[in-house]
Amino acid sequence: MLPPAFKDQSTKAQPLRHSLARTGFLRRILTLPNPILYANLCSEIVAGWADIQAVIAKGSLSRSKPQFNPKAGRSVLPLVPIQSDLMPIRAEVRAGARALLRTDLSRFYGSIYTHSIPWALHTKPVAKARRHDDSLLGNRLDLWLRNAQDSQTVGIAIGPDASLVIAESLLAAVDERLQKEAKILRGLRYVDDYELAFDSRSAAEEALSMLEQILGEFELELNPRKTMLQDLPLPHEPQWVSTLRSMPVRDTPAAQANDLVHLSDRAFEFAREDTTSPVLRYAVGRLKSIDIKQENRTLLQHLLLQYVVAAPGTLATTLGVLIKGMHDG
């Protein structure tokens with residue numbers, strides 16, 4: 001239980017911010033909220049968990065519904081923990097369909113309007129009519145979110161587990177509306193990434209218009225750079241993934257050296273062609289799973305340094321490979 005002094009609803013604070021390396025030289029700003037205010041937000045989520053789950057359950061598109069999983073080292077994880085595990089689900093979604101709508105939201109976490117959270121949990125008319133009613137869970141979540149970012153109403157923290165819960169509650173309301181109004185054959189959503197299948201391109205176009213309208217009612221927008229209407233069939237994964245995954249790395253020292261260089265060369269080529277995908281991080285992860293021969297460990301270190309210089313976001317994975325090598329002697 002929190003001490004009474006920690007529950008003062010008038011307390012406000014500015015969050016700390018941490019700049020995290022992403023693909024290439026891009027950065028992502030993670031937010032570290034004040035721990036007292038964040039604890040209050042989490043307390044409200046725990047107390048209202050049954051109501052939140054009921055809202056999240058209304059949308060069947062999501063594959064990122066939050067699940068309690070303290071053994072994984074954090075409070076909640078998405079239902080499908082890793083996005084790469086979606087391949088069988090993508091195959092199911094596309095089966096028998098003729099058109100595919102792929103899109104995501106523009107600056108999703110950073111654009112969430114905190115007042116829209118009561119709209120999602122209680123419907124917009126109810127929330128607007130009772131905007132000062134503290135008995136509504138949505139209003140209490142809205143309050144602690146705003147207090148933790150010095151009263152700012154736009155954007156929620158990127159990083160904390162509570163943000164996944166809030167985001168899923170919000171988009172579950174969007175999904176419920178979309179599924180009622182659009183002629184979707186099958187679909188999936190992973191956090192804010194949508195992939196929806198249709199009988200025809202015209203049905204996909206209608207759904208896109210509906211999705212834009214519904215999101216607009218929650219003060220959200222689609223990302224125009226990642227919104228695509230495509231005719232099926234399509235590859236289920238990018239070419240760089242299938243190529244790097246299937247490239248062999250042999251066991252004999254000389255052959256392994258050639259294969260390590262070849263794999264890295266292909267990764268660098270793909271990274272130059274696709275500057276927005278985590279190509280080099282994937283390649284480093286592949287290297288981490290290989291039993292490197294003693295004769296090739298210096299070569300591996302030289303290659304890893306090239307990865308880090310080319311993409312600082314690979315540093316964490318690279319350190320994992322080096323630590324594994326250290327443990328292996």
With R286 as the cation and Y282 as the aromatic partner, state whether NZ or CZ is under 6.0 Å from the six-membered ring centre and within 45° of the axis. no
Apply side-chain contact (heavy atoms from CB on, under 4.5 Å) to residues E181 and I214 and explain how you reach the verdict. CA-CA 10 Å; E181 299 176 21; I214 296 167; 4.1 Å; yes
Trace of the side-chain hydrogen bond (donor to acceptor under 3.5 Å, both in side chains) decision for Q179 with S60: CA-CA 9 Å; Q179 288 174 282; S60 61; 2.6 Å; yes
Heavy-atom closest contact ([X] atom, [Y] atom, distance):
X    : Y    : answer
A148 : L37  : CA-CD1, 3.6 Å
S106 : S111 : O-OG, 3.4 Å
T314 : R281 : CG2-N, 3.7 Å
E168 : S64  : OE2-OG, 2.5 Å
K7   : W144 : O-CH2, 3.8 Å
K324 : I290 : NZ-O, 4.0 Å

When you compare the side chain of [Y] with that of [X], does any pair of heavy atoms fall below 4.5 Å?
X    : Y    : value
S277 : P238 : no
T103 : N223 : no
S62  : L79  : no
L303 : L263 : no
I29  : S19  : yes
M210 : R177 : no

Does [X] [atom1] have over 12 foreign heavy atoms under 6.0 Å away?
X    : atom1 : answer
R107 : CZ    : no
R297 : CZ    : yes
R98  : CZ    : no
K288 : NZ    : no
E237 : CD    : yes

Same hydrophobic cluster for [X] and [Y], using side-chain heavy-atom links shorter than 4.5 Å among ILVMFWY?
X    : Y    : answer
Y113 : L222 : yes
Y190 : L101 : yes
M247 : V249 : yes
L185 : V93  : no
Y194 : L220 : yes

Without swapping roles, check the side chain of [X] against the backbone of [Y] for a donor-acceptor pair under 3.5 Å.
X    : Y    : answer
H122 : G138 : yes
R140 : S135 : yes
Q256 : K293 : yes
S200 : A203 : yes
D192 : D104 : no
R94  : L232 : no
N147 : Q9   : yes
S264 : V261 : no
D85  : V80  : no
N40  : F6   : yes

Salt-bridge present (E217, K124; N to O < 4.0 Å): no
Residues E269 and R266 bridged, charged N to O under 4.0 Å: yes
Evaluate the side-chain contact (heavy atoms from CB on, under 4.5 Å) criterion for residues L322 and L304: first the C-alpha distance (whole Å), next the side-chain angles of each, then the deciding distance (0.1 Å), finally the verdict. CA-CA 9 Å; L322 294 175; L304 291 175; 3.6 Å; yes
Let me confirm one number: the [atom1]-[atom2] distance from [X] to [Y], rounded to the nearest 0.5 Å.
X    : Y    : atom1 : atom2 : value
Q152 : Q14  : CD    : CD    : 9.5 Å
Q149 : I156 : CD    : CD1   : 8.0 Å
T298 : I292 : OG1   : CD1   : 11.5 Å
S169 : I117 : OG    : CD1   : 8.0 Å
L229 : F198 : CG    : CZ    : 8.0 Å
L61  : E176 : CG    : CD    : 11.0 Å

Evaluate the side-chain contact (heavy atoms from CB on, under 4.5 Å) criterion for residues L196 and L178: first the C-alpha distance (whole Å), next the side-chain angles of each, then the deciding distance (0.1 Å), finally the verdict. CA-CA 11 Å; L196 308 173; L178 182 65; 3.8 Å; yes
Taking the inter-plane angle between the rings of W49 and F68 on a 0 to 90° scale, is it parallel (under 30°), tilted (30 to 60°) or perpendicular (over 60°)? tilted
Could you check whether the rings of F268 and Y307 sit parallel, tilted or perpendicular, using 30° and 60° as the cut-offs? tilted
Are a donor atom and an acceptor atom from the side chains of S163 and D161 found within less than 3.5 Å of each other? no
Hey, mind stepping through L171 and F108 against side-chain contact (heavy atoms from CB on, under 4.5 Å) and telling me if it holds? CA-CA 10 Å; L171 288 187; F108 176 44; 3.6 Å; yes
